[in-house]
Each structure stands twice: as structure tokens, then as C-alpha cells.
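Only one structure is covered here, and it is reproduced in the block below.
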Amino acid sequence: MNRIARSMGGLFALLAPAAAPAGGPGAAPLPPPYAGVYQPQGVDEIGFWHEADEDERALANAPEVIRDEALNTYVRGVLCATVGKDRCGAARIYILRTPVFNASMTANGTMRVFSGLLLRVRSEAELGAILGHEFGHFELRHSVRIFKARRSGTDLLSWAAVLASMGPGYQTRNSFADLRWSVYGSLYRYDRDMEREADLLGLGYLNAGTLRPQAAASVWRNVMAEGKHRRAPAACRNRASINWPFPHPTRPAPNAR
């Protein structure tokens, strides 16, 4: 029972920001002074960093990596123009030949930029908006926070499943199902709140730099326009302008961004 209590306490503490009501629209604040690259603390974070390092070693030799020097220099230049030279030195950029509108950044500073993103953005400012968003995840240490939140949630569900197996009956199974959906829903909402945090910090980078911050909205308008013209059922085609067709989306709807 003490282990369950600790898991529940850890989960609720990690999800506390997600339970707070979302604030109203407002100007994105300027980014705080750069504190340097975060160093992992404790066994869990160090292990998490080691896994990211192993992934990067494999990525460095992957055939999907585009090694064109001019292109890599250009993308790094856009990142530096967005977040500043002091911050962009923490990123190691890998451009991947993958036709997907996406980019990502891991806790150890590995940034993946997919070729599908480069094909869809229409200006340096639009590319900077996406790269700044991903760097915002990195600076706010979102991957570490969600790792800890998910571990606490799965710990709680594992012990709850053990206790539920000791008390067979409809009510017990129903209570466990309610708990499971509550934990899943809280974790997905936590993901969405972190996306909003990264959106705001990304806009803060643009506000402090020379690229147009309005480009961040242009990116999502283009994404919604593309989604409407895809050959897909109407319910899916309209999801960008209405809402995601999933019970627990991990991202805010594009029209909200």
C-alpha cells in the first residue's frame, strides 16, 4: 500500500500543472536567460540520457540521414537565428529523408528534422517556428518530465491491477477501469499542456529574434489547408479545423495553436 501511495503521490505531483486551468490568450513572454545545457541528475535521468546517446550513435550512421553540408548549414543557421547562438550550440541536428511533417529533439540535444517538414514550410520564419518549438521542449526538459509521469502512472496501474485481482467482482473491475482511464486521460492532457508550453516558448524565441513570429500561425493554417484537401473521409478531413477524432489526443488541435 505504501508503494501505491507513493506512486499516486508522484503521479499527481507530476500532473499538477495539467490540472490547473489554462490561461487566456496573451503575448508569449521572452525566453529566460539561457542557463546552459541541463545535466542529468540521479540514476533514472542518467539512464535516460544513456539511452538517448545510444539512439544518437545509431542515428549518426543511418542511411536516412541527409549529409548535404550546405543544407545542414542552412538549417542550423535558421535554428541559431531563432533561439540565439548561445542556445543553438546545444543542438546536434540530423536531417532525415522521411516524408513526414515533423521534427523532434531529445533530452541529450539530438534534433531530428524530417525532409517532409522542409518541403512544407514556405519561409525561414516558418521553419524557425517549428525548430523553436522543438528546442522549447528541450529547454523545458519535457521528455524527462513525461518519462517520470508515465512511469508513475504505470506503477500505479500495475499495483492497482494486483489489488483488483485479489477482489474479483464487477465493482472491482469497474473501479479499476475507471482508474485506468483517469490515469491515461491525465497523461494525455499532460502531453497537450507541454505542447502549449513549447508553443509559447517557441514564440518567445521568435519575439526576441529577427524572424517573424506570425509565421508560427501560418504553419498551422497551411497544415489545416492541406488536411482539408487530402483524399480522406469527411470526418477525418475536417479534424484539423474541428478537433482530433481521438478520445485522448496528445496535441492541441491545429486551430487552437
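Nothing fancy with the numbering, it's 1 onward along the sequence.
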*asked:* Between E195 and R192 (salt bridge meaning N to carboxylate O under 4.0 Å), is one present in this structure?
replied: no
dist T106:OG1 -> E51:CD (nearest 0.5 Å) comes out at 11.5 Å
In this structure, CD1 of I95 is separated from CG of N72 (nearest 0.5 Å) by 4.0 Å
Please determine whether residues F147 and W49 belong to a single hydrophobic cluster, defined as Ile, Leu, Val, Met, Phe, Trp and Tyr linked transitively by side-chain heavy-atom distances below 4.5 Å. yes
Residue pairs passing the salt bridge (Lys or Arg N to Asp or Glu O under 4.0 Å) test with at least one member in residues 83-92, sequence neighbours excluded, are E56-R92, R87-E139
Shortest non-hydrogen pair, A62 vs R67, comes out as O-NH2, 3.0 Å
So, the side chain of N108 versus the backbone of T110: is there a donor-acceptor pair under 3.5 Å, distance only? yes
Distance col, row L211:CG vs L127:CG, nearest 0.5 angstrom, shows 9.0 Å
Margin query: Is there a continuous path of hydrophobic side-chain contacts, each under 4.5 Å between heavy atoms, that joins F138 to F48?
Written below: no
Taking every heavy atom of V144 against every heavy atom of A107, the minimum-distance pair comes out as CG2-CB, 4.2 Å
- Message: I'd like to know whether M111 forms a side-chain contact (heavy atoms from CB on, under 4.5 Å) with V75, so could you lay out the CA-CA distance, the side-chain angles of the two residues, the decisive distance to 0.1 Å, and finally the verdict.
- Response: CA-CA 11 Å; M111 177 176 281; V75 172; over 6 Å; no
Verify same cluster id: L117, V65 (apolar side-chain graph, 4.5 Å)
no
Practice item. Please work out whether the ring planes of F101 and W220 are parallel, tilted or perpendicular, with thresholds of 30° and 60°. Key: perpendicular
I'd like to know if the side chain of R112 and the backbone of N102 have a donor-acceptor N/O pair within less than 3.5 Å.
no
Nearest heavy-atom approach of A90 to Y34 is CB-OH, 3.5 Å
Item to complete: For the residue pair Y94 and E64, establish whether any side-chain heavy-atom pair is separated by less than 4.5 Å.
Response: no
CG (L140) and CG (L200) are apart, to the nearest 0.5 Å, by 10.0 Å
| query | Taking the six-membered ring of Y38, is NZ or CZ of R141 closer than 6.0 Å to its centre and within 45° of its axis? | reply | yes
Would you say I130 ends up clustered with L71 if hydrophobic residues are merged whenever their side chains have heavy atoms under 4.5 Å apart, either directly or through other cluster members? yes
Rounding to 0.5 Å, atoms CG (L96) and CG (L118) come to a distance of 10.0 Å
Minimal heavy-atom distance between E197 and R145, with the atoms involved, is OE1-NH1, 3.4 Å
Value for CG (L79) from CZ (F135), rounded to nearest 0.5 Å, stands at 6.5 Å
Quiz prompt | R76 side-chain N/O to A91 backbone N/O, donor-acceptor pair under 3.5 Å | solution = yes
Item to complete: Answer with yes or no whether the hydrophobic clustering places F114 together with I66; edges join I, L, V, M, F, W, Y residues whose side-chain heavy atoms lie under 4.5 Å apart.
Response: no
Nearest heavy-atom approach of L201 to P31 is CD1-CB, 3.9 Å
Q.
Closer than 4.0 angstrom, basic N to acidic O: yes or no for D199 and R196?
A. no
In terms of heavy-atom contacts, A215 and E126 come closest through CB-N, 3.6 Å
